[in-house]
Number of protein chains: 2
Amino acid sequence: MGVPVSSANSLAVEDLGSAAQRDRRKRILDATIALASQGGFDAVQMRSVAEKADVALGTLYRYFPSKIHLLVSALQREFERTESTLRERPIDGDTTADRVINVLKRTTRGMQSDPQLTEALTRAFMFADASVAAEIHQVGMLLTSMLTRVMYPEGDHRLTEEDVAIARVIGDVWLSALVGWVTGRSSAAETGQQIEVAVKLLLRD
Amino acid sequence: MGVPVSSANSLAVEDLGSAAQRDRRKRILDATIALASQGGFDAVQMRSVAEKADVALGTLYRYFPSKIHLLVSALQREFERTESTLRERPIDGDTTADRVINVLKRTTRGMQSDPQLTEALTRAFMFADASVAAEIHQVGMLLTSMLTRVMYPEGDHRLTEEDVAIARVIGDVWLSALVGWVTGRSSAAETGQQIEVAVKLLLRD
DNA sequence: AACTGAAGTGGAACGTGTTCCTATTTTAGA
DNA sequence: TCTAAAATAGGAACACGTTCCACTTCAGTT
């Protein structure tokens with residue numbers, strides 16, 4: 001058992017020994033983002049990704065066992081970036097609710113500025129089946145922890161179960177709102193509204 | 001332009017003139033449910049559905065323009081059944097929260113008793129893109145109205161915007177929980193728990 | 001009863017995700 | 001340095017969603 005959890009799934013960065021391999025992985029994800037950004041989910045075709053990343057199709061599948069794994073991994077990388085950006089700058093807003101709303105709206109605006117990319121990543125996330133559970137779980141944790149940190153920026157706050165539950169519910173609403181926006185059911189404004197209402201319902205302190 | 005809205009989408013029951021057509025539509029949805037129930041999303045193959053429904057592939061596509069439309073329409077029919085069953089029997093529970101929790105848990109249990117079918121329908125619903133917006137919207141409305149009715153069983157209650165917002169949030173959480181269960185990220189017990197916590201947070205009266 | 005357009009049949013064909021195979025290159029260890 | 005194993009390249013082949021086409025059947029009109 002030298003190989004960890006990810007053996008059955010995407011090759012995580014930690015699993016990759018050589019610099020060349022890390023570079024290949026990066027090239028693949030870059031190509032994925034570029035194609036998604038330009039043409040959305042349908043434009044991310046495995047042959048195109050392979051070609052753009054200058055990698056054989058078989059190699060692509062060795063790194064990411066399916067299109068969904070690939071896209072969810074891309075989402076994960078993007079999300080980690082967002083999260084670390086967020087970690088740096090202070091969060092403005094007096095109340096807990098305000099801070100959460102600010103952060104979510106800012107993040108949502110960011111995603112809406114690249115609709116095709118958001119469509120691709122969101123749909124992959126939602127379509128993922130059990131085989132992608134590990135990656136999905138990662139993203140879910142990241143989202144929840146991002147939210148709890150925004151709720152309680154002081155590092156010393158001890159999270160109750162209720163805090164975590166609230167963060168989870170907010171995350172759920174955010175995802176639903178995003179799906180609604182991606183599928184053209186709701187406008188950007190409505191999406192923001194939807195999140196704001198939910199947060200205010202949940203965080204009335 | 002004799003054909004209404006649904007021209008670009010699935011043929012709704014109302015659009016179908018002859019009894020033979022209504023019957024074909026029914027056969028197709030029955031076949032879909034049967035296949036989904038047996039093998040989930042992947043087992044619902046358009047050729048199999050056509051064969052099982054005793055209909056040509058082209059005809060299947062005339063009735064439902066894509067696999068996703070087909071599955072979402074099946075979901076809609078199932079959901080309407082659930083809803084009308086629910087409408088008959090009285091809802092037990094003293095508080096609003098209790099009633100909502102009871103109904104959601106009962107419904108969830110029902111879905112969990114046929115995991116493959118639930119997987120197929122849920123994934124189709126989540127994967128749907130803009131072209132299925134009409135059908136998805138229908139289902140969303142049905143869910144929200146089902147929830148508000150459970151919240152206020154007396155017909156005379158006047159719904160506030162907040163009531164509707166709460167119903168929507170609960171619906172979002174329910175969907176997320178379902179997706180989590182379908183993808184093996186959470187157990188049936190956790191799913192119930194998740195819903196219960198959210199409802200209690202939102203309906204503390 | 002014959003005519004006409006819509007609906008249905010049967011099946012070929014195409015695109016893209018996925019798998020698989022062989023030859024070549026790279027890497028690690030002796 | 002040499003060699004075996006692992007990784008990659010290149011690409012054929014397969015599966016299933018989707019499209020398309022030629023033909024037949026059906027329903028309504030004259």
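Just so it is clear: chains get the letters A, B, ... in the order the sequence lines come, proteins before strands, and each one is counted from 1.
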Seminar exercise, completed: A:K67 atom NZ is separated from C:dG15 atom P, nearest whole Å, by 16 Å
Exercise. Within the structure shown, what part of the strands sits under 4.0 Å from A:V44 by heavy-atom distance: base, sugar-phosphate, or nothing?
Worked result: sugar-phosphate
Exercise. side-chain contact (heavy atoms from CB on, under 4.5 Å) between B:E196 and B:K105: does it pass, once the steps are laid out?
Worked result: CA-CA 8 Å; B:E196 184 163 343; B:K105 283 199 173 170; 2.5 Å; yes
Exercise. Can you find a side-chain donor-acceptor pair between B:D114 and B:S37 that sits under 3.5 Å?
Worked result: yes
Exercise. So does B:R24 reach the base of C:dG8 with its side chain, donor to acceptor, closer than 3.5 Å?
Worked result: no
For this session: Decide yes or no for A:F125 and B:M126: does some side-chain heavy atom of the first lie under 4.5 Å from some side-chain heavy atom of the second?
Result: no
For this session: Scan for salt bridge (charged side-chain N to carboxylate O under 4.0 Å, His left out) pairs involving residues 47-61 of chain A, sequence neighbours excluded, and state none if there are none.
Result: none
For this session: Would you tell me if any nitrogen or oxygen in the side chain of A:R47 comes within less than 4.0 Å of OP1 or OP2 on C:dT16?
Result: no
Problem set entry | N or O in side chain of A:Y61 less than 4.0 angstrom from C:dC20 OP1/OP2 | no
Seminar exercise, completed: Atom CG of A:D54 and atom P of D:dG10 are separated, to the nearest Å, by 8 Å
Exercise. Whole-Å distance between C:dC21 C1' and A:L57 CG?
Worked result: 13 Å
Exercise. In terms of the angle between their ring planes, are A:F127 and B:F41 parallel, tilted or perpendicular, with boundaries placed at 30° and 60°?
Worked result: perpendicular
For this session: Report the end-to-end axis angle of the helix from C:dA1-D:dT30 to C:dA30-D:dT1; each axis comes from five terminal pairs, and the value is rounded to 10°.
Result: 10°
Problem set entry | All side chain to side chain contact (heavy atoms under 4.5 Å, CB included) counterparts of B:I33, not counting sequence neighbours | B:A74, B:R77, B:E78, B:L117
Exercise. Which whole-number value in Å describes the distance from B:F127 CZ to C:dG17 C1'?
Worked result: 12 Å
For this session: Whole angstrom is fine here: how far is it from CD in B:Q45 over to C1' in C:dG17?
Result: 14 Å
